[in-house]
Amino acid sequence: MTLAPNQTEKLGRARGDLRLGLPIVLAGEGRTLLAAAVETLGADRLAAMRALGQPELALTARRAETLKTPAYDDDLARLIVPQGAGLDWLNAVADPADDLRVPMKGPFAALRQGSAALHRAALQLAKSAQLLPAAVLVEVADGMAFAVAQGLTFLALTDCSDLFRLAPLEEVVSARLPMVASQAGRVHIFRPDDGGAEHYAIEIGRPDRDHPVLARLHSACFTGDVLGSLKCDCGPQLHAALAQMGSEGAGVLLYLNQEGRGIGLANKMRAYSLQDQGFDTVEANHRLGFEDDERDFRIGAEILRGMGFGTVRLLTNNPRKMAMMESCGIRVAERVALKVGKTPQNAAYLATKAAKSGHLL
Ligand SMILES: Nc1nc2c(ncn2[C@@H]2O[C@H](COP(=O)(O)OP(=O)(O)OP(=O)(O)O)[C@@H](O)[C@H]2O)c(=O)[nH]1
Ligand SMILES: [Zn+2]
């Protein structure tokens, strides 16, 4: 028996530390690097990192592309942080907010030699902490002793697979909830074992587990679901899905806390700000350094399976969702179209999703 954190718990801590602005110590492939997220790093800690050696800035290939600097490590670029460059420089390179106003941020000195595995891990951790995917790293000699002396989280990574492992979800509680759409509602709360966001399942009626269930995988959209945003169709889709389940007397709606297609609300608002500069929803994600869609649909499949559902009639216009369900072992017996909520303000957004993300119009 041990009280010490296991690898999953250390990963959860590492995410929390990055959000706090604390560096973490990453070890693997014969290297030990101190890593911090650009977005939360303070000037004092940057100065302390500089005192240890030459800091490097890790960016995703998506962000590097916008900055017109090569990504020698395929999916990421490692830039040398120039002498005298401070937080303003780091933030300007990491955050596209002022790209149009200040287009020339380079030239950059990019690294080609050595392993990028720990840089990749730092970027993945920043993404899963819902921060901008940009990290400062610097070599430390005896990483374990350094982490202990400074009270920092030490994370040994033999490979990156730990970072992509699906955290098992456990049902914490469920309770009856009468709703406008149905009196026979029940909300189930699922909690992952890595300290990540909880997800919810709204069960309508008592769907037969032996037949395809009318199901919706809804991704959180604070602006659409709560504020009635006209920029997307999420709110009307949420309510139409519940209404259809109510009128059929049975169904399950998963409310997955993967706001902004998995990038988090702060980053989604950064994307909206870029959209006001003229970029579409996909371009905005790329300029921030994200892929078009950072959601993990294994979570939805795992919850459905845990509730006893193996086959669904899926309410969606997104063929990728259907493919992801099938690849995670949930059979999609039928696609049920969900076309509501088109507004003059979201027509271009929906057209972009159809043209670039394969959505069915
Ligand atoms: N990053 C980003 N996320 C957005 C934007 N507009 C809406 N979202 C998010 O996109 C997600 C919408 O998810 P879903 O309703 O599952 O939509 P979908 O993948 O298009 O598929 P279906 O609605 O099932 O057809 C929510 O998490 C929203 O917060 C945007 O411009 N940028
Ligand atoms: Zn939305």
Side-chain angles (χ1 to χ4, degrees), residues 60 62-63 96 127 130-133 197 199-200 202 214-242 244-245 251-301 303-304 312-325 330 332 334-343 345-361:
T60 65
R62 291 289 186 196
R63 182 70 190 131
K127 275 189 185 183
Q130 302 201 323
L131 299 168
L132 280 173
H199 305 283
Y200 323 131
I202 294 94
L214 183 63
R216 165 93 184 135
L217 271 73
H218 187 86
S219 300
C221 178
F222 171 71
T223 47
D225 301 340
V226 180
L227 303 180
S229 162
L230 300 174
K231 271 179 75 76
C232 63
D233 55 351
C234 301
Q237 283 190 323
L238 172 64
H239 296 290
L242 288 173
Q244 186 162 345
M245 290 171 193
V252 61
L253 182 139
L254 304 191
Y255 194 92
L256 303 169
N257 276 309
Q258 301 181 316
E259 174 70 61
R261 295 197 298 272
I263 68 176
L265 187 57
N267 285 320
K268 186 174 95 170
M269 289 303 105
R270 292 187 171 112
Y272 275 10
S273 186
L274 295 175
Q275 288 168 33
D276 283 343
Q277 295 180 23
F279 300 103
D280 70 30
T281 181
V282 170
E283 292 163 344
N285 261 38
H286 291 175
R287 292 185 81 86
L288 286 161
F290 293 105
E291 298 304 317
D292 319 7
D293 193 340
E294 296 272 358
R295 288 175 289 182
D296 184 348
F297 286 110
R298 293 176 303 174
I299 297 168
I303 293 177
L304 286 173
V312 293
R313 291 165 56 224
L314 195 61
L315 277 155
T316 188
N317 308 319
N318 182 352
R320 196 171 153 255
K321 269 190 195 172
M322 294 190 286
M324 295 302 286
M325 284 303 101
I330 299 288
V332 180
E334 181 190 347
R335 179 182 82 89
V336 183
L338 188 58
K339 288 187 185 131
V340 286
K342 196 167 174 178
T343 66
Q345 290 88 341
N346 70 20
Y349 165 73
L350 296 177
T352 301
K353 290 215 293 189
K356 294 193 174 177
S357 309
H359 283 64
L360 304 161
L361 277 176

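Predicted model, so just to flag it, every value in this text is computed and none were measured. Ligands are counted one by one from 1 in listed order, and the atoms in each one are counted from 1 as well.
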With hydrogens left out, which residues have an atom under 4.0 Å from ligand 1, given that only heavy atoms count? Arg216, Leu217, Ser219, Ala220, Cys221, Cys234, Gln237, Gln258, Glu259, Gly260, Arg261, Ile263, Lys268, Tyr272, Gln275, Thr281, Asn285, Arg295, Thr316, Asn317, Asn318, Lys321, Tyr349, Lys353, His359
Residue pair Asp225 / His218, side-chain donor-acceptor N/O under 3.5 Å: yes
Leu314 and side-chain contact (heavy atoms from CB on, under 4.5 Å): which partner among Met322, Arg216, Arg335? Met322
Using only atom types and a distance under 3.5 Å, with no angle test, would you say the side chain of His199 pairs donor to acceptor with the backbone of Asn257? yes
By salt bridge (charged side-chain N to carboxylate O under 4.0 Å, His left out), which residues pair with Arg287, not counting sequence neighbours? Asp99
Assess whether a salt bridge exists between Lys342 and Asp233, defined as any Lys/Arg side-chain N lying under 4.0 Å from an Asp/Glu carboxylate O. no
Tell me every residue that passes salt bridge (charged side-chain N to carboxylate O under 4.0 Å, His left out) with Asp296, counting only those two or more places apart in sequence or in another chain. Arg298
May I ask you to decide whether Lys127 forms a salt bridge with Glu294, counting only side-chain N to carboxylate O separations under 4.0 Å? yes
For the Zn ion (ligand 2), report each protein N, O or S atom nearer than 2.8 Å, sorted by chain and then by residue number. Cys221 SG, Cys232 SG, Cys234 SG
Between Gln275 and Lys231, is there a side-chain donor-acceptor contact under 3.5 Å, judged purely by atom types and distance? yes
Do side-chain atoms of Thr352 reach the backbone of Asp280 as a donor and acceptor pair under 3.5 angstrom? no
